[in-house]
Amino acid sequence: QVQLVESGGGLVQAGGSLRLSCTASGSTFRFNSMGWYRQAAGRQREVVASINPSGITNYADAVKGRFTISRDNARTTMYLQMNSLKPEDTAVYYCNSATAIYSWGQGTQVTVSS
């Protein structure tokens, strides 16, 4: 069973940057499309970005041009570089496969102050 651990969140002012990391245990990571998700208070979890095993990426319109997803298959780690952060990016960020087949981790809180 793959376990996912997210890190890198924090409190940042609007316009700032953060880099999130997702470390996965298990060897299946490199074969799966992976994604970053977020859940703001009172809202449903939504996908933010995804990346397939070859590195092809997709982004939600709300983050396109500001966020960059990447992966290091050798380290079974995925990243989310978040630039030009906005208060509406405030949420708990999670990683999972692109079809959310793994158990959810604890997530990492991102808070953007105005």
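Owing to the predicted nature of the structure, the values given are computational and were not obtained by experimental measurement.
Clustering of Ile, Leu, Val, Met, Phe, Trp and Tyr side chains at separations under 4.5 Å places L4 together with V2, V12, L18, L20, F29, M34, W36, V48, I51, Y59, V63, F67, I69, M78, L80, M82, L85, Y93, I101, Y102, V110, V112.
Expressed to the nearest 0.5 Å, how far OG of S113 lies from CD of Q13 amounts to 5.0 Å. In this structure, CZ on R30 lies 11.5 Å from CG on N32, to the nearest 0.5 angstrom.
The main-chain N or O of G9 is never found under 3.5 Å from a side-chain atom of Q109 such that the two would form a donor-acceptor pair. Proximity of a side-chain donor or acceptor of S25 to a complementary backbone N or O of Q3 within less than 3.5 Å is detected. The backbone N or O of N52 lies less than 3.5 Å from a partner atom in the side chain of R71, making a donor-acceptor pair. A donor-acceptor pair is defined here as one N or O able to donate and one able to accept, closer than 3.5 Å; no such pair exists between the side chain of Y94 and the backbone of G35. No donor-acceptor pair under 3.5 Å is formed between the side chain of N73 and the backbone N or O of T76.
Atom CD of Q106 sits in a sparse spot, with 12 or fewer heavy atoms from other residues, nucleotides or ligands closer than 6.0 Å.
Legend: residues meeting ring-ring contact (aromatic ring centres under 6.0 Å, His included) with Y79, ordered by chain and number and at least two apart, are absent.
Heavy-atom minimum distance, S84 versus S17: N-OG, 4.4 Å. The nearest pair of heavy atoms linking A14 to S114 is CB-CA, 4.4 Å.
By the 4.5 Å heavy-atom criterion applied to side chains, D89 and R38 are counted as neighbours. Residues P53 and S33 form a side-chain contact, since some pair of their non-hydrogen atoms from C-beta on lies under 4.5 Å apart.
Look at K64 and D61 and you find a salt bridge, because one of the NZ, NE, NH1 or NH2 atoms lies within 4.0 Å of a carboxylate O, short of that distance.
Under the 4.5 Å side-chain contact rule for hydrophobic residues, W104 and V5 do not share a cluster.
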